[in-house]
Amino acid sequence: MDTLTAARAQMEVSLAFHMVFAALGIGMPLLMVMAEGLWLRTGREHYRQLAKKWAKATALTFAVGAVSGTALSFELGLLWPRFMEFAGGIFGSAFALEGYAFFVEAIFLGLYLYGWERLSPRAHWLAGVAVATSGMLSGVLVVAANAWMQTPAGFRMVDGAAVDVSPFAPFLAPSWFQMSLHSTLSCYVATGFAVAGVYAVGMLRGRRDVYHRSALTLAMSLATVTALLQPLSGDLSAKNVAEHQPAKLAAMEAHFETARGVPLLVGGIPDEATGEVRWALRIPRMLSVLAYGDPDAEVRGLNDFPVDERPNVLITHLAFQVMVGCGFALIGLGLWYWWARRRGPGAEGRLLLAAVVAGSPLGFLALQAGWIVTEVGRQPWVVYGVMRTADGVTPVGEVPATLFGFSVLYLGLGVALAYLLRRLATGAPPGTAAGRGGLHVS
Amino acid sequence: MSPETLVAAVTLAAVVAYAVFAGADFGGGIWDAFAAGPRREEQRSTIAHAMGPVWEANHVWLIFVIVLLFTAFPPAFAALSVALFLPFHLVLLGIILRGAAFVFRAYSPESARSPGAGRGALRWGAVFGAASVITPVLLGMCLGAVSAGSLRVVDGVVRVGDTPPWLAPLSLATGAFALATCAYLAAVYLANETEGPLREDFRARALWAGTATVALSVLVLPLLRAQAPHLWSGLLSARAAPVVAVGVGAALLSGWALLRRRFRLARAATVAQVACLLAGWGIAQYPYIIYPDVTVQGAAGHPGTLRFVLWTLPPGMGVLLPSLYYLFRVFKGEHLGVREP
Ligand code: HDD
Ligand code: HEM
Ligand code: HEM
């Protein structure tokens, strides 16, 4: 395996791993704060128990997120030293601010996790609010760095070097707003449905106590609201991609020939060699409408770009279909749940609960797929239009070995973590399981 | 001072903060690995309680250092990443395993016979201890590599000799020094946070680690003179010497205070010792980031970005420092008490 391929793979493995914990690190604190806030307002003990249980799960996942994030900070240099030599001094502003957000997050998480007995209930809840806010902010700030790689801004290139670099360069990237909105929402979607699935399993096993029902309600509220917003924010993202990264849009849509009044493809397998897409559903003129708000608008196809400036169409297109497919499936799931709930809590049937379980990984699947769209669709550029990925890679030859090592390490950690989280899911703590079938099995 | 020198000073301060705070967390892991005697399990649980709420915040100092490095001195970061590819990966392995093992152990099933020590917990505990011993050594070796003089950057291309810079004698010595210092810091802090026989345990450990640190310094001084004359003369220069002198004085004071069981004084003196010695090294190393080819001025990034880093420092620290103070007041204000979670 050559260094470039190995470096891409190691970056991808590390990011995909980190992203799971990053999403949980953004979503879980919000759920904890919601549950503990309800406890403060209603005084009902099971809300506090929920917050405590979620805090335990978060203690596990946050630590893994923090160390895998540390690995990423080093890996940016270890794998892409020339990229960092060029870009570090430009998009670093975003990371510098993110550093403070990390501090606040880690400090208040320590206070939250270990401070149940030491802080007043209100101070404890406020510590949770600080964690939720700074977690969200750290995501928004790191996405600024990525947005700058997608749509670089705030500098001029003169003879292969950046000059007139603005201190605010990453924040001037035109896709920052759209991307941070969409990716922050995606963290809540993914966390919400995943948590809902855990409690749906419990309820399917007969634990239909208030503890499980409230957990499901809270998780589904967050998940459904954010899932409904996701296509709207995705539409903003797509319009932005159309404007700034036309080659990516063409790859996402497997759109080969520049034309007017272009249909939207749903599904389908693109064939790069022939420029054809098989087995796709075509919605007439829809792509022109979605991208430019005009049914006759011209959409540039891949044929408009030199062969060595085209991203991988197959991967980008399929990943995009997966993300959008999951997005609409989750919206359907959310609506079904609340329709069933209209007669009050506890009315969820077994079929619905089974669907919630089945749907629980889809948020994470969409999130990973979305990042594949964004990152693979950016290729062959590491900084779009400015620096090619191949020019950023390390000269060190041992990357295949470190790729192997890190993949094994992350796989092992993932398995161990799944086992420990499974053990945490022991049902409602004794004494809070008032309600139907309040017995719990551990 | 020029902006790049200011940012370099901030980076050095962050390195010091990482050493003083997170160094003690590594040290805790070292004493976990070497827990012994009748109060072995108590030692371990004291360490876990002391680290639990704060280690993640302490760890962020390292991230801060890395971010400052690649934002303000991108060529230096790139050169280090290439030349220290292997040790940095090993450091990451250590950091990942240590952090994960620490929380995994806490949540592993307990065995019926000895609570808190099921088989899974024992295994993760062993990983945690081993990673805590190895990581500071590697970090120290990487720090030594920037002074050793064998990491060259010629015309923008990184060159290393037959012996990689992190395996140079000076780097190995720095690694050992880092290990001893972490162990010393942790034992002194832990003696402050315990009482009775446990406190005596940690006091004895502190004395051991302190002796090791002194012995290592005696060994390192001639090495420094022979292998890194630039650093040697830097340490004796008017710029660095006063700082180093305060550090040495504080080291002696902390040893004396430990012997006399003046634990709070010992803690303050130990912090001063580590901070001054590390800062003295940084000042002696100035203007080099990597001796002899990469300087603070030569590697400085874009002026706008440097200004951004400096401007955001007061508000950032304005949020960070009070929060840190609050964290430590809540958990370190008195002896360790209630067990959570
Ligand atoms: C739960 C996750 C999730 C769901 C349900 C969706 N997305 Fe998404 N999408 C992401 C998670 C995500 C992401 C992982 O967060 C990305 C990667 C980069 C980013 O900003 O968000 C993303 C990127 C992304 C991009 C590329 C942005 C860029 O490269 O700048 C577009 C055009 C869309 N999405 C559009 C949509 C549409 C039309 C959806 C309709 C339902 C949708 N997404 C659902
Ligand atoms: C702010 C966040 C991010 C930054 C700074 C970042 C940075 C990078 C860099 C430097 C590369 C290597 C160069 C290249 O291949 O273009 C890369 C590639 C990649 N990243 Fe990201 N990334 C971020 C977020 C993500 C996330 C969250 C994911 C997925 C979960 C992701 C998935 C990938 C993939 C799949 C590649 C390989 C693309 C290819 O080579 O075809 N990225 N990223
Ligand atoms: C879109 C992509 C990303 C998002 C949304 C994100 C978000 C987060 C969040 C919420 C955390 C808190 C820890 C946790 O929840 O477990 C975290 C940790 C961390 N992330 Fe990421 N991250 C992303 C990509 C990256 C990249 C590309 C890097 C490095 C270059 C990085 C570096 C870090 C570091 C160093 C930490 C540890 C902070 C600590 O100790 O508290 N992240 N990230």
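Quick caveat: nothing in here was measured; it's all calculated off a predicted structure. Numbers restart at 1 for each chain; the letters A, B, ... are given by sequence-line order, proteins then strands. The analysis underlying the following values was restricted to heavy atoms, covering all of them including side chains, and did not include hydrogens, waters or symmetry mates.
Proximity to chain B (any heavy atom under 4.5 Å) is shown, for A:Y112, by neither the backbone nor the side chain. Heavy atoms of A:L119 lying under 4.5 Å from chain B belong exclusively to its side chain. For B:L86, no part lies under 4.5 angstrom from a heavy atom of chain A. Interface remark: A:V399 contributes backbone and side-chain atoms alike to the contact with chain B (heavy atom separation under 4.5 Å). Using a 4.5 Å cut-off between heavy atoms, A:F155 makes no contact with chain B at all. Contact annotation for A:V396: only side-chain heavy atoms (C-beta onward) come within less than 4.5 Å of a heavy atom of chain B. With a threshold of 4.5 angstrom between heavy atoms, A:L60 approaches chain B through its backbone and through its side chain. Neither the backbone nor the side chain of B:V54 comes within less than 4.5 Å of any heavy atom in chain A.
Here the shortest heavy-atom pairing between A:P121 and A:W39 reads CB-CZ3, 3.9 Å.
Near-neighbour residues of residues 295-306 of chain B relative to chain A, defined by a heavy atom under 4.5 Å from a heavy atom of that chain, comprise B:H302, B:G304, B:T305.
Put simply, the residue from B:W55, B:F328, B:F64 that forms a ring pair (Phe, Tyr, Trp, His ring centres under 6.0 Å) with B:F21 is B:F328.
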Run the side-chain contact (heavy atoms from CB on, under 4.5 Å) test on B:F77 and B:I66 for me, step by step, so that the C-alpha distance in whole Å, both residues' side-chain angles and the decisive distance to 0.1 Å come before the verdict. CA-CA 8 Å; B:F77 179 67; B:I66 295 299; 3.9 Å; yes

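A 6.0 Å sphere centred on CH2 of A:W125 holds no more than 12 heavy atoms belonging to other residues, nucleotides or ligands.
Counting heavy-atom pairs under 4.5 Å between each of B:V67, B:L93, B:V309 and chain A puts B:V67 at the top.
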